[in-house]
Amino acid sequence: MDRSPMTEPLHIVLVGGGHAMLPSLAHAQDWTDAGIKVTLIDPQRWLYYSGMVPEHLGGVYAVDDIRVDLRRLAHRAGATHVTARATALDPEARVVTTDEGETIPYDVLAIDVGGVNPALPDAAVGTKPIYRIRALSPHLKQVLDAPTETLGLTIVGGGAAGVEVALNITGRFAGAGRTADLSLTVVEQSGRILPGFPEGMRAYAARLLRERGATIRTATTVGQVRGADGDRTQVDMRTGTGEHDTVHPDAVLWSTGAVAPPLLRESGLSTDERGFLHTTRRLRTPTHPRIFAAGDCGTIPELNLDKVGVHAVKQGPDLRTNLDTTLRRLAEDGSAPVASALTAFRPYPVAPLVLSTGARRAIWTAGPLWMARSWFLRLKHWVDRRWIQRYAPEQWGAAGWRSLVAAEAASDPDGNE
Ligand SMILES: Cc1cc2nc3c(=O)[nH]c(=O)nc-3n(C[C@H](O)[C@H](O)[C@H](O)COP(=O)(O)OP(=O)(O)OC[C@H]3O[C@@H](n4cnc5c(N)ncnc54)[C@H](O)[C@@H]3O)c2cc1C
């Protein structure tokens with residue numbers, strides 16, 4: 001299977017154009033200029049930037065503001081975008097198979113397929129991969145455009161993602177003077193929303209949600225979610241005391257954390273108990289020096305990091321450097337570099353998180369600390385825009401700044417807080 005660099009070009013295959021893959025994709029022209037073949041496999045054309053998605057649902061950003069055109073990035077670099085889902089990885093034969101039946105050989109493989117929602121019911125909108133959540137947008141717009149329409153929304157999962165989405169949607173209805181037209185419920189199976197976050201932050205977020213008419217149901221587990229007659233969905237729940245309840249919202253958002261896509265475990269590569277690929281700090285699999293993984297789909301056992309975009313984004317440049325080093329070494333003498341030639345990933349000591357409250361404040365939190373301030377929201381907007389502008393200069397050159405400024409100017413000066 002080894003190919004001679006003299007006869008055939010090296011081929012790097014990027015499976016999944018997630019947050020951690022963007023630096024590699026954006027700089028892939030360095031590889032194609034050197035005669036290396038680059039292929040991106042991703043069924044989606046667009047990557048939605050997770051930091052901005054809740055505010056998209058909150059009406060701050062238009063859809064074009066929050067997404068990166070993977071196909072354009074690939075084509076601009078002279079790479080091929082295969083619009084398909086990888087269904088199998090064979091580390092011994094060094095091939096990737098897609099759901100289109102294509103078999104794609106590689107010399108170097110980088111994987112960034114993220115996670116999937118565990119047990120996602122057909123009748124619910126998923127949050128992983130994040131493009132799925134966009135399905136809520138038309139619903140929200142339809143209701144907000146029609147003064148007589150109402151929306152019943154159940155968010156299953158009261159972690160940071162579910163709560164930030166709830167804050168932004170309730171904030172949008174409050175800003176439109178339509179609080180009464182939204183019936184939003186957050187269902188969390190543990191005894192409190194935002195488990196793992198500071199108690200004061202939890203109380204603050206819960207207060208905001210309740211002030212805007214939302215219901216919070218803790219110690220409650222969602223069982224079946226079924227498409228019922230008409231437009232409504234049937235959600236069966238069980239409380240901590242064993243009582244059963246059934247509600248019929250218009251839409252259900254499934255924000256229950258992440259497990260790994262099955263193809264990782266099925267590859268025979270070493271994985272953790274949730275199916276995420278083991279890697280070293282060099283973002284390389286311990287057994288196959290030509291296979292790398294980054295973002296949510298990888299697990300570095302000694303770090304055991306949360307599955308958050310902050311880590312995926314920080315890993316991106318290291319992944320790119322290590323792929324570059326590997327390709328150079330293979331081109332030179334056909335061997336993979338030793339570990340010490342690669343860059344070791346160094347995570348933030350504590351991963352900071354900034355959640356928009358759907359009004360004119362954001363909550364900043366790191367470890368046991370938290371604060372809610374208006375300038376955190378401005379800082380968040382600045383950081384998010386700077387990040388996405390690197391990969392989406394076309395969108396952000398024009399409409400992005402304008403729509404943001406307009407949204408901030410139009411929002412309630414009292415911030416509903
Ligand atoms: C609502 C919400 C808000 C969030 N906000 C934050 C935040 O503010 N801060 C933070 O740190 N984290 C946040 N997160 C978490 C963050 O979204 C993830 O940690 C991050 O997206 C992980 O990035 P990734 O690079 O691992 O992969 P992803 O960005 O998830 O991308 C995976 C890519 O792989 C593709 N793919 C999937 N399967 C296949 C396959 N079989 N073959 C080929 N391609 C495939 C997908 O189409 C996608 O393009 C949020 C999550 C949600 C749901």
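Because the structure is a prediction, the values reported are computed rather than measured. As the structure lists them, so they are numbered: ligands from 1, and atoms in each ligand from 1.
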State the atoms of ligand 1, each with its element, that fall below the 4.0 Å cut-off from a heavy-atom position in A20. 25 (O)
Looking at ligand 1, would L47 count as a contact under a 4.0 Å heavy-atom criterion? yes
Just by distance, do the side chain of D107 and the backbone of I12 share a donor-acceptor pair under 3.5 Å? no
Subset of ligand 1 atoms that lie under 4.0 Å from at least one heavy atom of T127: 53 (C)
Students often mix this up, so state it plainly: with edges at 30° and 60°, are the rings of Y204 and W370 parallel, tilted or perpendicular? tilted
Protein contact of atom 43 (C) of ligand 1 - nearest heavy atom, named by residue and atom, plus distance: I41 O, 3.4 Å
I'd like to check Y391 versus D69 (side-chain heavy atoms, cut-off strictly below 4.5 Å). Are they in contact? no
With a 4.0 Å cut-off on N to O distance, would you call D30 and R320 a salt bridge? yes
Residue and atom name of the nearest protein heavy atom (relative to atom 42 (N) of ligand 1), distance in Å to one decimal: A86 N, 2.9 Å
Please lay out, stage by stage, how R192 and E188 fare under the test salt bridge (charged side-chain N to carboxylate O under 4.0 Å, His left out). CA-CA 7 Å; R192 38 172 283 178; E188 165 59 41; over 6 Å; no
I130 contact mode with ligand 1 (heavy-atom cut-off under 4.0 Å): side chain
On the ring face of F276, is K307 found with NZ or CZ under 6.0 Å from the centre and within 45° of the axis? yes
Has P261 got any heavy atom lying under 4.0 angstrom from an atom of ligand 1? no
Between H11 and T39, is any side-chain donor less than 3.5 angstrom from a side-chain acceptor? yes
Quick one: does E164 get an N or O within less than 3.5 Å of an N or O on ligand 1? no
Any idea which of A294, S50, G298, G257 brings a heavy atom closest to atom 17 (O) of ligand 1? S50
Quick one: does G309 get an N or O within less than 3.5 Å of an N or O on ligand 1? yes
W46 and V68, any side-chain heavy atoms less than 4.5 Å apart: no
Any idea which protein heavy atom is nearest atom 8 (O) of ligand 1, and the distance to it? G51 CA, 3.9 Å
Heteroatom distance test (D42, ligand 1): nitrogen or oxygen, under 3.5 angstrom: yes
Check each atom of ligand 1 against the heavy atoms of G114 and keep those under 4.0 Å away; list them by number with element. 26 (O), 27 (O), 30 (O), 32 (C)
Chi angles and distances behind the salt bridge (charged side-chain N to carboxylate O under 4.0 Å, His left out) call for E394, R72: CA-CA 10 Å; E394 290 83 0; R72 184 151 55 187; 3.7 Å; yes
What protein heavy atom lies closest to atom 7 (C) of ligand 1? Include the residue and the distance to one decimal. L353 CD1, 4.0 Å
Side chain or backbone, does D296 bring an N or O within less than 3.5 Å of an N or O on ligand 1? yes
Angle between ring planes, H19 versus W387, binned at 30° and 60°: parallel, tilted or perpendicular? parallel
Under 4.0 Å between a Lys/Arg side-chain N and an Asp/Glu carboxylate O for D324 and R328? yes
R217 vs D245, test: salt bridge (charged side-chain N to carboxylate O under 4.0 Å, His left out). Steps then yes/no. CA-CA 11 Å; R217 299 185 67 158; D245 192 11; 2.8 Å; yes
Would you say H81 and T83 make side-chain contact, with heavy atoms under 4.5 Å? yes
Check ligand 1 against V310 and write out every atom of the ligand that is under 4.0 Å from a heavy-atom position of the residue. 10 (C), 11 (O)
Any idea which protein heavy atom is nearest atom 23 (O) of ligand 1, and the distance to it? H19 ND1, 3.5 Å
Could you tell me whether M21 approaches ligand 1 through its side chain, its backbone, both or neither, with non-hydrogen atoms closer than 4.0 Å? neither
So the atoms of ligand 1 within less than 4.0 Å of a heavy atom of P43 turn out to be 43 (C), 44 (N), 45 (C)
What atoms in ligand 1 come closer than 4.0 Å to a heavy atom of A312? 23 (O), 25 (O)
Which of the numbered atoms in ligand 1 are under 4.0 angstrom from any heavy atom belonging to D112? 24 (P), 25 (O), 26 (O), 27 (O), 32 (C), 33 (C), 34 (O)
List every atom of ligand 1 that sits less than 4.0 Å from any heavy atom of G295, numbering the atoms from 1 in the order shown and giving each element. 26 (O)
Closest heavy-atom contact between R178 and L144? NH1-O, 3.4 Å
Return the residue, atom name and 0.1 Å-rounded distance of the protein heavy atom closest to atom 31 (O) of ligand 1. G18 CA, 3.1 Å
Closest non-hydrogen protein atom to atom 2 (C) of ligand 1, residue and atom name please, with distance? A161 CB, 3.6 Å
Within the 4.0 Å heavy-atom cut-off, what V313 brings close to ligand 1 is neither
Trace of the salt bridge (charged side-chain N to carboxylate O under 4.0 Å, His left out) decision for E100 with R85: CA-CA 8 Å; E100 299 285 323; R85 205 164 55 84; over 6 Å; no
What residue and heavy atom of the protein are closest to atom 39 (C) of ligand 1, and at what distance? V113 CG1, 3.5 Å
